[in-house]
Amino acid sequence: MSDPYGRAIRDAYHDQREEPLLDRHGNYGTEHTQLESLYLNEFTPTGTDSEWVVSWLDGPLLDMGAGTGRQALYFQDQFETVAIDTSEHLVETMRDRGVTDARRASMFSLRDEFKRERFRSALAIGTQVGLAGSMQGLRQFLGDLAFVTMPEATAVLDSYHPDWLAAVDPPHYRHDPTAGLAYRIQQFEYEGALSEPLLFRLFSPDRLREATVGTGWKVSETRRHPSARDDAVQYRAALEKV
């Protein structure tokens, strides 16, 4: 499968990127200008948001959709951390950066990858949980995550909030008539290669709470993801096993 997104980030890390990564909107493309700041800078545990994330996690930790390993590099010095991503380019980048246990695996096939009660905590920062595709897919994911985590486990996830995104990002936003739900579509191009479109299911905190019913999880706390911009469109959720 073509992976222009992963290749562009890998090339940026090795200082070999000569062309921009484009965020495609139909026949138009806008340059993704934040590769280094979003993916290659260091995670610091200080600051209100980072401290909040750190406070919810313990080891062994599963870092899902770990990308370039920003969080994994910090947490592996605190306790055992396993970082997974579906992109071979990003897994290679994680290993090059020093992530000690980086694996190519999907967060949506956890039962195939790990034994029951393998982890004490789980992390998915980057809104990739929306790739579950539907409320039923989200429930399935949460059930599988419950299978591979311990009875007292915690998890931190994030998502675009449907209402917030609609106002500021019309090229990516797709309306859903059901309250608290929407879609976001994204496609990348790099060096002439075009990725498959990514379809994110967006759900409000209330819809996330609804999805947890019967999965073994409860939503304990949610917070708007702080941003330098006034139009921050993501929120983070801390979950606990019940």
Side-chain angles (χ1 to χ4, degrees), residues 38 43 45 47-59 61-67 70-72 74-75 81 83-85 106-108 110 119-169 172-173 176 178-184 198-227 229 231-242:
L38 288 177
F43 173 81
T48 303
D49 182 60
S50 293
E51 289 176 358
W52 182 84
V53 171
V54 169
S55 73
W56 281 101
L57 302 176
D58 200 353
L61 170 69
L62 177 62
D63 187 355
M64 302 173 287
R70 287 186 65 246
Q71 287 83 11
Y74 167 76
F75 284 112
T81 299
I84 63 172
D85 202 283
S106 171
M107 62 187 287
F108 300 110
L110 295 177
F119 300 100
R120 175 65 181 80
S121 292
L123 175 67
I125 294 297
T127 73
Q128 56 267 48
V129 69
L131 293 172
S134 65
M135 286 290 286
Q136 182 56 38
L138 178 58
R139 293 186 187 98
Q140 179 67 49
F141 162 72
L142 292 170
D144 291 348
L145 185 61
F147 179 85
V148 302
T149 51
M150 300 173 186
E152 303 299 321
T154 57
V156 175
L157 314 174
D158 68 359
S159 173
Y160 291 101
H161 193 298
D163 297 340
W164 302 341
L165 185 72
V168 301
D169 195 8
H172 293 107
Y173 176 80
D176 189 299
T178 306
L181 294 175
Y183 288 99
R184 183 177 189 269
L198 296 174
L199 184 65
F200 295 83
R201 187 55 155 160
L202 311 186
F203 40 86
S204 68
D206 285 343
R207 288 296 180 180
L208 176 59
R209 293 186 183 93
E210 177 185 328
T212 63
V213 175
T215 68
W217 295 97
K218 69 174 182 179
V219 176
S220 295
E221 188 177 348
T222 63
R223 55 186 285 135
R224 192 163 187 159
H225 177 35
S227 171
R229 297 167 49 183
D231 56 358
V233 294
Q234 298 175 21
Y235 70 91
R236 290 184 172 171
L239 282 63
E240 294 180 280
K241 294 282 282 288
V242 293

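Computation of the quantities below employed the complete heavy-atom set of this structure, encompassing side-chain atoms and omitting hydrogens, waters and symmetry-equivalent molecules.
Applying the side-chain contact (heavy atoms from CB on, under 4.5 Å) rule to Lys218 yields the partners Ser220, Glu240, Val242; only residues at least two apart in sequence or on another chain are considered. In this structure Ala83 satisfies the side-chain contact (heavy atoms from CB on, under 4.5 Å) test together with Asp63, Ala66, Ala72, Met94, Val99, sequence neighbours excluded. When the salt bridge (charged side-chain N to carboxylate O under 4.0 Å, His left out) test is applied to Asp163, no partner is found at least two apart in sequence or on another chain. Remark: Ser121 engages Thr154 in a side-chain hydrogen bond (donor to acceptor under 3.5 Å, both in side chains) (not counting sequence neighbours). Scored by the side-chain hydrogen bond (donor to acceptor under 3.5 Å, both in side chains) test, His161 finds no partners at all (sequence neighbours excluded). Residues satisfying the salt bridge (charged side-chain N to carboxylate O under 4.0 Å, His left out) test with Arg70, not counting sequence neighbours, are none. Residues passing the side-chain contact (heavy atoms from CB on, under 4.5 Å) test with Ser159, sequence neighbours excluded: Phe203, Tyr235. Listed by chain and number, the residues in a side-chain contact (heavy atoms from CB on, under 4.5 Å) with Ala155 are Ala122, Leu145, Trp217, Leu239 (sequence neighbours excluded). With sequence neighbours left out, the ring-ring contact (aromatic ring centres under 6.0 Å, His included) criterion links Phe147 to no other residue. With sequence neighbours excluded, the residues forming a side-chain hydrogen bond (donor to acceptor under 3.5 Å, both in side chains) with Thr178 are Asp176, listed by chain and number. Listed by chain and number, the residues in a ring-ring contact (aromatic ring centres under 6.0 Å, His included) with Phe200 amount to none (sequence neighbours excluded).
The shortest side-chain heavy-atom distance between Tyr160 and Asp169 does not fall under the 4.5 Å cut-off. You'll find the side chain of Leu157 reaches within 4.5 Å of the side chain of Leu142, heavy atoms only.
A cation-pi contact links Arg224 to Trp164, judged by a cut-off of 6.0 Å to the six-membered ring centre and 45° from its axis.
Within the structure, every pair that satisfies the side-chain hydrogen bond (donor to acceptor under 3.5 Å, both in side chains) test and touches residues 128-142, not counting sequence neighbours, is listed here: Gln140-Asp144.
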